[in-house]
Undergrad: 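The structure that follows is given in the form of structure tokens.
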Amino acid sequence: MGVGGEKFQLGTVGALSLSVVSSVSIVICNKALMSSLGFNFATTLTSWHLLVTFCSLHVALWMKFFEHKPFDSRTVMGFGVLNGISIGLLNLSLGFNSVGFYQMTKLAIIPCTVILETLFFRKKFSRSIQLSLSVLLFGVGVATVTDLQLNAVGSVLSLLAIITTCIAQIMTNTIQKKFKVSSTQLLYQSCPYQSLTLFLIGPFLDGFLTNQNVFAFDYTSQVVFFIVLSCLISVSVNFSTFLVIGKTSPVTYQVLGHLKTCLVLTFGYVLLHDPFSWRNILGILIAVVGMVLYSYFCTLEGQQKNAEVSPQQAKEGDSAPLISDSLSKVENGGGVVDDEPLKVPMWSSKYSRA
């Protein structure tokens with residue numbers, strides 16, 4: 001493997017590691033903020049996350065850490081608004097559904113993404129990849145899904161949340177490649193639209209779900225400290241989300257999201273003494289097997305395809321497994337998602353989950 005392939009692989013591993021560490025950290029921080037301090041305004045908090053992220057990137061741009069690269073403004077605006085709407089729908093889905101049904105909604109994102117990419121991008125997913133994803137989803141389901149209480153409104157909201165989340169994550173990958181922009185450049189340009197969308201709907205949505213007013217909350221020094229800490233961590237979460245999807249694929253990012261869910265469950269038991277059963281342990285073990293199979297089959301298929309195409313074509317692969325020893329190309333090519341602690345509150349957000 002050449003120097004370019006090694007740099008690509010190191011960058012991918014770094015992006016995956018950053019995503020895992022930052023996501024688990026923000027879940028622990030937000031659990032303290034919401035469960036212990038009673039600040040249950042997830043959508044509004046996410047709008048602050050994005051605003052702080054934009055300000056941080058603006059400072060980085062001023063210091064010339066990256067170059068501003070404007071492109072189609074309509075695409076950026078549509079992408080940013082869609083991301084904001086998907087977060088709001090995910091929060092509404094959890095508000096109207098049981099935790100178990102919400103976990104099923106999260107699990108449905110992977111097969112929905114596979115279907116959309118197959119239909120509209122003609123991407124092929126081998127039987128081996130499909131098998132490994134099935135094992136992964138089954139394990140996460142065993143570990144996290146408990147009660148399944150259905151209702152018409154909640155089901156419609158979940159369906160809309162799944163569709164918008166899948167489209168937004170697919171767009172994250174395709175926009176970066178179509179306009180040749182980096183994850184940092186895309187995040188910088190879309191953050192204002194995402195933040196504004198959530199800032200406008202957040203107080204109303206949070207008030208509807210909690211029967212509380214975010215502006216009338218008692219902001220003690222402890223609450224302010226955890227809000228600031230959560231916002232700072234969110235910069236890393238948001239950046240790593242765009243970075244991972246850009247370097248790998250929406251499906252790989254979802255697989256990583258379920259890995260983070262398993263880690264959150266484990267850390268919740270070890271550090272926070274959350275309830276843990278043999279069902280949780282069994283589910284996590286099955287999920288880990290699915291992740292290992294997914295990585296193995298991605299690596300194997302990548303090596304086979306690299307042997308069939310020229311080195312220049314091999315560099316055009318736009319996806320990578322969770323762990324790989326070579327430059328790989330997954331699935332013939334190529335969302336605060338979310339990771340919940342075992343005790344999930346009655347609301348959540350794409351970036352505070354993950």
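Basis for what follows: all heavy atoms, side chains included, without hydrogens, waters or symmetry-related copies.
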Undergrad: In this structure, are over 12 heavy atoms from other groups packed under 6.0 Å from F138 atom CZ?
TA: no
Undergrad: Please check: side-chain N/O of S132 versus main-chain N/O of I129, any donor-acceptor pairing under 3.5 Å?
TA: yes
Undergrad: Find the distance between CG (L45) and CG (L50) and round it off to the nearest 0.5 Å.
TA: 10.0 Å
Undergrad: Show, in sequence, the C-alpha distance, side-chain angles and deciding distance for L137 and S134, and conclude whether the side chain to side chain contact (heavy atoms under 4.5 Å, CB included) test is met.
TA: CA-CA 5 Å; L137 295 177; S134 298; 5.9 Å; no
Undergrad: Hey, what do you get for CZ (F179) to NZ (K69), rounding to the nearest 0.5 Å?
TA: 10.0 Å
Undergrad: Can you list the other members of the hydrophobic cluster that holds L196, where links are side-chain heavy atoms under 4.5 angstrom apart?
TA: L200
Undergrad: Distance from S183 atom OG to N173 atom CG, nearest 0.5 Å?
TA: 11.5 Å
Undergrad: Please say whether more than 12 non-hydrogen atoms of neighbouring residues, nucleotides or ligands are located less than 6.0 Å from CD in Q222.
TA: no
Undergrad: How close do C29 and I233 get, counting heavy atoms only, and between which atoms?
TA: CB-CD1, 4.3 Å
Undergrad: Which pair of heavy atoms, one from V76 and one from Q189, lies closest together, and at what distance?
TA: CG1-O, 3.3 Å
Undergrad: Taking the side chain as C-beta and beyond, is there a heavy-atom pair between V52 and S56 under 4.5 Å?
TA: yes
Undergrad: Give a yes or no on whether the backbone of L89 and the side-chain of S93 come within a donor-acceptor separation of less than 3.5 Å.
TA: no
Undergrad: If every non-hydrogen atom of C166 is compared with every non-hydrogen atom of L116, which pair is closest and at what distance?
TA: CB-CD1, 3.7 Å
Undergrad: Between F208 and F96, is the ring centroid distance below 6.0 Å?
TA: yes
Undergrad: Output all residues satisfying ring pair (Phe, Tyr, Trp, His ring centres under 6.0 Å) with F217, sequence neighbours left out; order by chain, then residue number.
TA: F39, F41, Y219
Undergrad: Working to the nearest 0.5 Å, report the span between CZ of F79 and OG1 of T75.
TA: 10.5 Å
Undergrad: Of the non-hydrogen atoms in I110 and L136, which two are nearest, and what is the gap between them?
TA: CD1-CD2, 4.2 Å
Undergrad: Any idea which heavy atoms bring I26 and S230 closest together, and the distance?
TA: CD1-O, 3.6 Å
Undergrad: Hydrophobic cluster membership, with links at side-chain heavy-atom distances under 4.5 Å among I/L/V/M/F/W/Y: are W62 and F65 in one?
TA: yes
Undergrad: Taking A161's backbone N and O only, do any of them form a donor-acceptor pair with T164's side chain (distance below 3.5 Å, no angle check)?
TA: yes
Undergrad: May I ask you to decide if the ring planes of Y188 and H58 are parallel, tilted or perpendicular, using 30° and 60° as cut-offs?
TA: parallel
Undergrad: Are more than 12 heavy atoms from other residues, nucleotides or ligands located less than 6.0 Å from atom CZ of F71?
TA: yes
Undergrad: Going from OG on S25 to CG on L232, what distance comes out if it is rounded to the nearest 0.5 angstrom?
TA: 12.0 Å
Undergrad: Is the backbone of I170 close enough, under 3.5 Å, to the side chain of T174 for a donor and an acceptor to pair up by distance?
TA: yes
Undergrad: Rounded to the nearest 0.5 Å, how far apart are CG of N30 and CZ of F226?
TA: 10.0 Å
Undergrad: Going by atom types alone, do N40 and T210 pair a side-chain donor with an acceptor below 3.5 Å?
TA: no
Undergrad: Just checking F120: does its CZ atom have more than 12 heavy atoms from other residues, nucleotides or ligands closer to it than 6.0 angstrom?
TA: no
Undergrad: The criterion is ring pair (Phe, Tyr, Trp, His ring centres under 6.0 Å); which residues satisfy it with F121, sequence neighbours excluded?
TA: none
Undergrad: Restricting to non-hydrogen atoms, name the atom on V81 and the atom on Y193 that form the minimum distance, rounded to 0.1 Å.
TA: N-CB, 4.2 Å
